[in-house]
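Have a look at the structure below before the remarks.
Lettering follows sequence order; numbering is per chain, from 1. Below, each value reflects all heavy atoms present in this structure, side chains not excepted, and no hydrogens, waters or symmetry copies.
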2 protein chains.
Amino acid sequence: MAEKKSDRTRASILAAARERFGADGYERATIRAIAADAAIDPAMVMRYYGSKEKLFAAAAEFDVRLPDLRGVPREQTGEVLVRHLVERWEEDDTLRVLLRTAVTNESAAERMRQVFIGQLTPAFERAAMDEPAVRAGLIATQALGFALCRYILEFEPIVGLSTDEAVAWLGPTITRYLTAPLPSQV
Amino acid sequence: MAEKKSDRTRASILAAARERFGADGYERATIRAIAADAAIDPAMVMRYYGSKEKLFAAAAEFDVRLPDLRGVPREQTGEVLVRHLVERWEEDDTLRVLLRTAVTNESAAERMRQVFIGQLTPAFERAAMDEPAVRAGLIATQALGFALCRYILEFEPIVGLSTDEAVAWLGPTITRYLTAPLPSQV
DNA sequence: AGCATATGCCAACACTTGTTGACTTTTGCT
DNA sequence: AGCAAAAGTCAACAAGTGTTGGCATATGCT
């Protein structure tokens with residue numbers, strides 16, 4: 001009896017929650033709508049997850065799973081990183097949930113910071129780069145901007161790009177943010 | 001009597017609305033809160049703007065006012081464009097309103113598309129570029145991603161950049177999106 | 001001054017939200 | 001079969017939302 005009945009409804013609630021949060025954002029995704037999608041009573045959502053805030057926390061739980069960049073030659077790091085991020089983004093809508101909600105929900109924004117600054121910066125620090133935080137931030141601007149335009153705002157020219165095209169365009173940008181010397185201050 | 005009493009309250013409502021929409025997003029910015037900020041009765045907001053949706057439309061009304069890029073040498077177009085956008089963004093919170101709400105509000109998203117795809121693409125078309133829409137889209141990813149990280153998510157390393165530093169980092173990226181040949185398809 | 005109009009305030013409406021508690025049904029064990 | 005716990009249902013709550021109409025006040029014109 002590894003699989004109890006409750007586990008399945010628990011999971012279906014979570015799936016419905018991810019869908020709704022990802023499509024509508026935190027405020028407009030109502031408990032009632034999520035419950036309806038999961039074909040379940042709204043009270044069940046409360047019983048299983050305690051509150052909307054906690055349900056959201058469960059739905060937005062995720063990990064970037066950065067690839068190991070140590071063996072990759074300098075000039076290809078951007079490509080590898082972009083490809084990883086894009087593929088990660090396509091396969092899992094948790095990131096979309098996070099992006100859509102981070103804009104109005106402070107705790108989601110904090111998690112976004114943790115992921116993109118908190119996880120990238122130390123990785124670059126280990127590689128003995130100067131200003132690792134700035135480089136991590138710049139990479140975040142391009143990566144998140146791409147995700148925003150592709151998945152949230154749905155700009156047609158960006159939606160139409162294949163993974164390979166996206167990698168070819170964005171890769172060199174990321175590589176430059178990673179390797180270029182600091183601009184001389186003015 | 002060019003300046004009537006009602007014009008002032010009209011304006012103060014609009015200012016309060018911009019502030020609230022920009023800080024909280026569409027759903028969480030309530031008419032009551034906006035009215036309180038403007039030291040006015042909520043019913044006044046309705047009398048002057050008809051509905052929340054119409055008030056939002058008025059608050060998000062704006063124009064990028066693209067600079068004339070024709071005299072600028074190719075290699076500097078990115079810098080000029082970035083500097084213009086950053087300065088535009090700093091001076092006026094309408095853009096922040098739009099960015100924060102576009103994520104959950106379809107009509108705001110549509111306006112964002114109009115601005116970044118609809119205004120940039122024809123400008124590049126006139127310059128006889130290949131794939132002007134893709135180039136406009138790519139520029140939008142970097143510009144919006146920067147704005148997102150700087151003004152909405154408030155990533156410290158990005159918030160800390162001066163305008164000149166931002167231009168130095170992002171300029172070459174934009175220039176490349178503007179001038180690089182299309183990547184060979186795979 | 002007197003009056004019409006513009007401006008503002010108050011209280012209430014209909015509705016939706018997250019959340020709760022009491023009640024019924026199903027499940028699994030002995 | 002009998003029973004306790006789990007799982008699910010139902011109706012209601014308190015709070016907050018956009019929105020409306022009626023009533024008071026101030027303003028400007030003659």
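A straight line from CD1 of A:Ile34 to P of C:dT17 spans 11 Å, rounded to a whole angstrom. Going from atom CG of B:Asp7 over to atom P of C:dT7 covers 8 Å, rounded to whole Å. Look at CZ on A:Arg8: it is 18 Å from P on D:dA6, rounded to the nearest Å.
Judged as a salt bridge (Lys or Arg N to Asp or Glu O under 4.0 Å), and not counting sequence neighbours, A:Asp63 has no contacts. In this view, B:Arg100 satisfies the salt bridge (Lys or Arg N to Asp or Glu O under 4.0 Å) rule with no residue, not counting sequence neighbours. A search for side-chain hydrogen bond (donor to acceptor under 3.5 Å, both in side chains) contacts involving A:Asn105 returns A:Ser107, not counting sequence neighbours. In this view, A:Glu106 and A:Arg113 satisfy the salt bridge (Lys or Arg N to Asp or Glu O under 4.0 Å) rule, not counting sequence neighbours. Under the side-chain hydrogen bond (donor to acceptor under 3.5 Å, both in side chains) criterion, A:Arg18 pairs with no residue, sequence neighbours left out.
End-to-end axis angle for the helix from C:dA1-D:dT30 to C:dT30-D:dA1, using five pairs per end and rounding to 10°, comes out at 0°.
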Show every donor-acceptor pair shorter than 3.5 Å between a side-chain atom in residues 28-44 of chain A and any protein atom, with sequence neighbours excluded, or say none if there are none.
unit_1: A:Arg28; atom_1: NH1; unit_2: B:Thr104; atom_2: O; d: 2.7
unit_1: A:Thr30; atom_1: OG1; unit_2: A:Ala33; atom_2: N; d: 3.0
unit_1: A:Asp37; atom_1: OD1; unit_2: A:Arg20; atom_2: NH2; d: 3.3
unit_1: A:Asp37; atom_1: OD2; unit_2: A:Arg20; atom_2: NE; d: 2.8
unit_1: A:Asp41; atom_1: OD1; unit_2: A:Ala43; atom_2: N; d: 2.8

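The CG atom of B:Leu153 sits 11.0 Å away from the CD atom of A:Glu110 when rounded to the nearest 0.5 Å.
A side-chain hydrogen bond (donor to acceptor under 3.5 Å, both in side chains) check over residues 138-153 of chain B, counting only residues at least two apart or in different chains, returns the pairs A:Thr141-B:Gln142, A:Gln142-B:Thr141, A:Tyr177-B:Gln142, B:Glu90-B:Arg150, B:Glu90-B:Tyr151.
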Does the protein touch nucleotides 9-20 of chain D at the base, only the backbone, or not at all? Give it as B, S and - per nucleotide, heavy atoms under 4.0 Å.
BB-B----BBBB
